[in-house]
Every structure is written in C-alpha cells, then in structure tokens.
Amino acid sequence: MVRPSRSYRVFQGVNGVILSLVVVVTLYPFVNIIARSFSGERQIRAGEVTLWPKGFNLTTYRIVFQDSMFWRNYGNTVFYTVVSTAVAMILTTCYAYVLSKKHLKGRTALIGVAVFTMFFTGGLIPNYVLITTLGLKNSVWAIALPNAISVFNLLVMKAFFESLPGELEEAAQIDGLSTYGILLRVVLPLSKAVVATMVLFYSVSFWNSWFSAFLYMDSSDLMPVTVYLRNMILGATGGSNAGAGTEQLSQVGANIQAVTIVLTSLPILCVYPFVQRYFVSGVMLGAVKG
C-alpha cells in the first residue's frame, strides 16, 4: 500500500477544514431560525438569540396549531403539491422524450417554442383573463396547469434521454413494444435519478408557491398554507387582518417570521434526504456535454 505523501496529507487537512467551515456557515442560519422560533420577543429584539432559544416561548406555535384554518390550508398545500407535481412530471417527461428523438419532424420548432417561453410570457393580466375564461379559478388546475412545464427541467430530461443507448429501444421495438411501452418499461426504469431530481424540483416549487393561489383562489378555505402564513406575518405587523391575524399575534411579532419558515421548510427537509442520493447524478447525467 502506497503511503500518502506529505503534500497530499496537507491537502486533505486543508480541504477538511474548508469543508467544515462551509458546513458550519450553511447550517448556522437554519439553527438560528429554529432557535428564534422558540425564543421570546424581547430576547429576539435584543439580538441575544444565536444557536439556542432564550426566553422559551411556544405562543406562536400554539396559536397556529390551534387554528383549524391552518390545518385546512396545510391539507390544501399537500393536495396542490401532489396533483401539480404529478401533472408536471407526466407532461415534462412526455415532452422531453419526444424532443429527444432526433428523427422527429419539427423537432427544432418544438424546442424553439419551449425555449421562447423562458424569456417571454403573456403577462399577469392576460394569464388571469385566460384562467378565468377557461373556468379554472378556485380549482387546483389554476395552480397546476400554468406551471406544468419548467423549460429548465424539460431540457435536463431531454439531454438525459438522449444519453441513453439507442440500441435498447431498438431491441424493445423488435420485441414488439409500442412507443408508450418503451417509455414505461425501458426508458423510465433507467431514468430513476433524473426523475427523482425533477420530482424534487417540482414539489419544492409548488410547495413554496403562494402567488398563483393568492391570485386565483377567492376563498380562504382554498388557500395553501403559504398564504395563511403570509397573512400571519401581515397580521403580526399590523398590515392586514386576514388569515390568522389575531390580537395575540401582536405579542409574538418578533418570532412570527421564524415560525413560518420552520413550518413551511420542515416537510421538504424531511423528504429531501430520501431523494438526495439521486440529486447529483440526476443533474449531471442530464447535463449538456461538450
């Protein structure tokens, strides 16, 4: 066994120190936010909270968890995220698979149409008129359909599908599989990494989204939890009486933002470790190669 050289050991030490500092810098904001969410208003305003709660306070959490509207809106968020992610994955996967076929007539035009939408949109008012005219207001489709295809995700999946050996599909055709059969039984089982990555991208996007619901939903019973928590912040700062803006919130306005960040981030943080192992390989395998 070859013993590492002195210069290599020095490199490993320096590299370990740098990576440790990066981890500390990355984790500190999250730990600080959690500590602030459990701290008292006076301690937060005085800047005494760092990595550990001070003036332990559960008032904001109690207000939120005792409000039935919170749980109703949280359920809406889960429903909107699941449905919207499913629709987005189906459309993005089919579109990317089609664009990966270089013999497809009009392929360049289809790619151009997709890329065009990255730089130009119809605008807020035309989109609102379109959604209203189609009768999609106050439904999950007002959130799912306008944001169903992310062009960046589409291009990544397209590049990944192009990297798969064409001989596999030719063999599947000889065995009698149709185009859909090849996609479902050959291509997708080999694309778990990029599919998991796209599911993560879409689910995080839809989970954090609030403006579409704020624009297209007329009833508070249909709002996602992000709008509920936005209204909490406005109520705590005296900007609005909507949502959970109660008299108690004025007493905990200093930690309301920390609580909202914790409540909206926690589900994604719980899911992320299960798909993280696919993340790097999915993006790299789908990257454009020179």
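Hydrogens, waters and symmetry mates are skipped; everything else that's a heavy atom, side chains included, is used.
Among residue pairs with one or both ends in residues 121-148, those qualifying as salt bridge (charged side-chain N to carboxylate O under 4.0 Å, His left out) are Lys137-Asp218; sequence neighbours excluded. Listed by first then second residue, pairs satisfying salt bridge (charged side-chain N to carboxylate O under 4.0 Å, His left out) with a partner in residues 70-83 read Arg72-Asp221, not counting sequence neighbours. The salt bridge (charged side-chain N to carboxylate O under 4.0 Å, His left out) pairs that include a residue from residues 164-187 are Lys101-Glu169, where partners are two or more places apart or lie in different chains. Identified under the ring pair (Phe, Tyr, Trp, His ring centres under 6.0 Å) test for residues 7-34, with sequence neighbours left out: none.
There is a path of hydrophobic side-chain contacts, each under 4.5 Å, that joins Met157 to Leu184. In the hydrophobic clustering of ILVMFWY residues, with side-chain heavy atoms under 4.5 Å counting as a link, Leu134 and Tyr128 come out together. Both Leu168 and Ile182 are part of a single hydrophobic cluster, where members link through side-chain heavy atoms under 4.5 Å apart. When the side chains of ILVMFWY residues are joined at heavy-atom separations under 4.5 Å, either directly or via intervening members, Val31 and Leu269 end up in two distinct hydrophobic clusters. In the hydrophobic cluster analysis, where Ile, Leu, Val, Met, Phe, Trp and Tyr join through side-chain heavy atoms closer than 4.5 angstrom, Ile143 is grouped together with Leu215.
The line from CD1 of Ile111 to CG of Leu155 is 8.0 Å long, rounded to the nearest 0.5 Å. Rounded to the nearest 0.5 angstrom, Phe38 CZ and Asn57 CG are separated by 10.0 Å. The CG atom of Leu27 sits 9.5 Å away from the CD1 atom of Ile34 when rounded to the nearest 0.5 Å. The distance from atom OG1 of Thr264 to atom OH of Tyr74, rounded to the nearest 0.5 Å, is 7.5 Å. To the nearest 0.5 Å, the span separating CG on Leu145 from CG on Leu91 amounts to 8.0 Å. For the atom pair NZ of Lys102 and CD of Glu162, the computed distance is 5.5 Å after rounding to the nearest 0.5 Å.
Summarising the local packing, CD1 of Ile125 is surrounded by 12 or fewer heavy atoms from other residues, nucleotides or ligands at distances under 6.0 Å. The environment of Trp141 atom CH2 is sparse: at most 12 non-hydrogen atoms of other residues, nucleotides or ligands sit within 6.0 angstrom. When the shell of 6.0 Å around OH of Tyr180 is examined, it contains 12 or fewer heavy atoms from other residues, nucleotides or ligands.
Considering every non-hydrogen atom in both Gly16 and Ser20, the closest pair reads O-OG, 2.7 Å. Closest non-hydrogen pair, Leu136 versus Ala142, comes out as O-CB, 3.3 Å. The two atoms that bring Val262 and Tyr61 nearest to each other are CG1-OH, 3.5 Å, heavy atoms only. Ser219 approaches Asn138 most closely through the heavy-atom pair N-OD1, 4.3 Å. Between Ala114 and Val151, the closest heavy-atom pair is O-CG2, 3.2 Å. Between Ala96 and Lys158, the shortest heavy-atom distance links the atoms CB-N, 3.7 Å.
A 4.5 Å side-chain heavy-atom check between Tyr216 and Leu222 finds every atom pair outside the cut-off. Contact annotation: the side chain of Met223 never approaches that of Asn231 to less than 4.5 Å [non-hydrogen atoms, C-beta and beyond]. Two residues are said to be in side-chain contact when any heavy atoms from C-beta on lie closer than 4.5 Å; Asn76 and Val225 fail this criterion. When side chains are defined from C-beta on, Phe206 does not count as touching Pro224, because their heavy atoms never get closer than 4.5 Å. Side-chain contact between Thr77 and Tyr228 is absent, with no heavy-atom pair separated by less than 4.5 Å. Residues Leu229 and Trp210 form no side-chain contact, since every pair of their non-hydrogen atoms from C-beta on lies 4.5 Å or further apart. Residues Met217 and Tyr80 are in side-chain contact: their nearest non-hydrogen atoms beyond the backbone lie under 4.5 Å apart.
The closest donor-acceptor contact from the side chain of Ser37 to the backbone of Ala258 lies at 3.5 Å or more, if one exists at all. Under a 3.5 Å cut-off, the side chain of Lys54 and the backbone N or O of Glu48 do form a donor-acceptor pair. The main-chain N or O of Ile90 is never found under 3.5 Å from a side-chain atom of Thr93 such that the two would form a donor-acceptor pair. Asn73 places a side-chain N or O within donor-acceptor distance of the main-chain N or O of Ser220, the cut-off being under 3.5 Å. The closest donor-acceptor contact from the side chain of Ser178 to the backbone of Gly181 lies under 3.5 Å. Thr92 places no side-chain N or O within 3.5 Å of a backbone atom of Met89 that could act as its donor or acceptor partner. Using a distance-only test at 3.5 Å, with no hydrogens or angles considered, a donor-acceptor pair links the side chain of Trp71 to the main chain of Phe65. Asn32 contributes a side-chain N or O that, together with a main-chain N or O of Thr50, makes up a donor-acceptor pair within less than 3.5 Å. Listed for the Ser205 side chain is no donor-acceptor partner under 3.5 Å among the backbone atoms of Phe201. In terms of modelled atom types and a separation under 3.5 Å, the side chain of Tyr202 and the main chain of Ser150 share a donor-acceptor contact.
Here the options are Ser212, Pro126, Pro146, the test is side chain to side chain contact (heavy atoms under 4.5 Å, CB included), and the partner is Ile131; only Pro146 passes.
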Next on the checklist: Please determine whether side chain to side chain donor-acceptor pair (under 3.5 Å) holds for the pair Thr179 and Tyr97, giving the CA-CA distance in whole Å, both sets of side-chain angles, and the decisive distance to 0.1 Å.
Outcome noted: CA-CA 10 Å; Thr179 301; Tyr97 183 66; over 6 Å; no
Checklist entry - Would Thr85 and Trp207 satisfy side chain to side chain contact (heavy atoms under 4.5 Å, CB included), going step by step from the backbone distance to the final call? => result CA-CA 10 Å; Thr85 301; Trp207 182 273; over 6 Å; no
Checklist entry - Stepwise, does the side chain to side chain contact (heavy atoms under 4.5 Å, CB included) test hold for Ile149 with Thr117? => result CA-CA 10 Å; Ile149 296 180; Thr117 62; over 6 Å; no
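For Phe119, there are no ring-ring contact (aromatic ring centres under 6.0 Å, His included) partners two or more places apart in sequence or in a different chain.
Other members of a hydrophobic cluster containing Val113 are absent, since no ILVMFWY side chain comes under 4.5 Å of it, directly or through relayed contacts.
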